[in-house]
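Taking it in order: structure first as structure tokens, then the write-up.
Counting starts at 1 for both ligands and their atoms, following the listed order.
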Amino acid sequence: MWCCGNFGVSDSIKVLKKCSCCTASGQHAPISESAAWADLKQHVKTIEGTHLRNLMQDNNRCEELIKEYDGIVVDLSRQRVIHDTVDKLLNLAEEAKLKEKIDQMFDGVHINETENRSVLHAALRAPRDEVINCDGHNVVPAVWDVLDKIDAFSDQIRSGSWLGSTGKPLTDVVAIGIGGSFLGPLFVHTAMQTEPGCAQAAKGRRLRFLANVDPIDVARALLDLNQETTLVVIVSKTFTTAETMLNARTVRTWITSALGVEAVSKHMVAVSTNLKLVKEFGIDPANAFGFWDWVGGRYSVCSAVGVLPLALQYGFSHVKKFLQGAWSIDDHFRSAPLESNLPVLLGLMSVWNVSFLGCPARAILPYCQALAKLAPHIQQVSMESNGKGVSLDGVPLPFGTGEIDFGEPGTNGQHSFYQLIHQGRVIPCDFIGIIKSQQSVYLKGEQVSNHDELMCNFFAQADALAYGKTREELVAEKVPEALIPHKMFSGNRQSLSILLPNLTPYTVGQLLALYEHRVAVQGWIWGINSFDQWGVELGKSLAGKVRTQMNAARTKTQPLSGFNYSTTTLLTRYLQGKTQLLYPDPHDVFPSNVLPGFEK
Ligand SMILES: O=P(O)(O)OC[C@H]1O[C@H](O)[C@H](O)[C@@H](O)[C@@H]1O
């Protein structure tokens, strides 16, 4: 038996308790031992006897697999599934107590067990009058306190009533953050940048992101910016991330070297859950925008992490629509029956592809340049969430979890890696298309408009993958025999299509929430904790060890110790590669030719 799904409620804090009906040790058996899983394993044989070329001829099947909610059309007909497959996947969902898991999330249960936290990013986009409880109190008013503060602050900056230390309006924003404190905001910014209403609202303003600790990224982010007109937003949930804090100190030096230390209060603000460290850094707590430990970093774009930089660039009213779009999917996710629940169906299809059809990768292929940063963001949302080796109970899993996500906008990807997708490995694809483009170009005399041309490819690729091309077709085309094997396409390669009416802040919010919840569904089926990320710790701590030795070697010319032969050899080569072994004194040294404003 899989998990009974019972959870205990202790006092006002809802924590999961072991259920007595599971194994004697109190550990849940992995889902792969369930009857529903075995049934699906068996069912693979049936599916192996089908080809999408034939399945696509069944209009009833296709109609059943095309789903719609709030303007979004999701077409699952090119998945390698028949009616029975969906039923069996829904049985698996029932076995995994999926509905209960969704309810537990919205009820504020501490489902992130290894960190003893609720998972309530949905509350970040809840309407003012919604009630979402966490540890016995409604969190929605606190969410709106921060949103109201962002609304007022961004208005002050944008209207010029908040001025820099030399009396100039702050027209440029540099948002410093990495991982979840960067990828989500960058994704949304990229999607909004070319939307006419947003573009109009952003006129005369620039938003830059600084993520990498590589000094080249500092140079890139600050290029052509003037301290007098720049606002710096330090974004870090923990306010301890090494890369972000070094970049924050670097940019603080950039500000203070030009404007003096007192300029910090006018030119630097922060977003964090750790307001104590924000204050210690020298930022006035009045200029800090908080959020909560029940928001995971990769799920934080709807907190001040994303809302502040985006509101500064586009105005709060546009960002509010983004939040409303996300909430539309949240509400659907918590209330729609599983068989018509878009994130649930998307998640189940992924589980089917990964765990039963043996496809561990997924390509995210938006036919929209404004969605260029969707795949990098979903890489973190999906791979940091579901790339786990043990169950919630800490038991090693007998199957692989997670997906290898990658992607590029079409049609660019077609001229790059689609070869492999068509004739090499089987990679289930997500095609994302937009009905009405943010930009319209039509040249007189052309067969179709530029956006129609783009979308012709969106429609063609999904069918090319599904149908392929047979020997018979090639023979009929009189293709030379020697070339036939090279020109054949096996087809039967699954994809799904998501069609959005347009790309506005609202639909960007919908798309985000669709992927966030889909990933959670997959994690719940696999029985893992999709909300922790212990796997990122080891590398961080080893980098700390290297840092200590690097400093000793540079400043005291001490020999390296404690590393293996390989690391010692390369580190030695690295240390010798610099003309100057010791750090110069004083320490603030910048490549002034690259970074304007760092001149001594
Ligand atoms: O926002 P921060 O606390 O600076 O964290 C930034 C990032 O740090 C780590 O790499 C975590 O794995 C990410 O989930 C997180 O988004």
Is there a donor-acceptor contact under 3.5 Å from the side chain of D172 to the main chain of R205? no
Identify which one of H377, H121, Q533, Q380 satisfies the side-chain hydrogen bond (donor to acceptor under 3.5 Å, both in side chains) criterion when paired with R298. Q533
Taking the six-membered ring of F289 as reference, does the NZ or CZ atom of K149 fall below 6.0 Å from its centre and within a 45° cone about the axis? yes
Under a 4.0 angstrom heavy-atom cut-off, which atoms of ligand 1 come close to V536? 12 (O)
Name the option, out of G177, S181, S300, S272, that contains the heavy atom nearest to atom 1 (O) of ligand 1. S181
Here the gap from I432 atom CD1 to C368 atom SG, rounded to the nearest 0.5 Å, amounts to 9.0 Å
Against heavy atoms of K540, which atoms of ligand 1 measure under 4.0 Å? 9 (C)
Specify the closest pair of heavy atoms between V74 and L346, including all atoms of both residues, with the distance to one decimal. CG1-CD2, 3.9 Å
Short N or O distance, S236 and ligand 1, threshold 3.5 Å exclusive: yes
Row check, F281 ring normal vs R252 NZ/CZ: under 6.0 Å, within 45°: yes
If we count only N and O atoms by modelled type, under 3.5 Å, do the side chains of S355 and W526 hold a donor and an acceptor together? yes
From the options I176, I178, N274, T240, select the one whose nearest heavy atom is closest to atom 6 (C) of ligand 1. I178
Number the atoms of ligand 1 from 1 as they appear, then name those within less than 4.0 Å of a heavy atom of G179, with their elements. 16 (O)
Report the member of K237, R298, E384 with the shortest heavy-atom distance to atom 13 (C) of ligand 1. E384
Nearest protein heavy atom with distance in Å, relative to atom 5 (O) of ligand 1: T241 OG1, 3.4 Å
Provide the number and element of each atom of ligand 1 under 4.0 Å from a heavy atom of Q380. 13 (C), 14 (O), 16 (O)
S391 side-chain N/O to V395 backbone N/O, donor-acceptor pair under 3.5 Å: yes
With nothing but distance in play, are any N or O atoms of Q533 less than 3.5 Å from an N or O of ligand 1? no
Please work out whether any backbone atom (N, CA, C, O) or any side-chain heavy atom from C-beta onward of T238 is under 4.0 Å from ligand 1, and answer side chain, backbone, both or neither. both
Considering both backbone and side-chain atoms of G180, is one of its nitrogen or oxygen atoms within less than 3.5 Å of a nitrogen or oxygen in ligand 1? yes
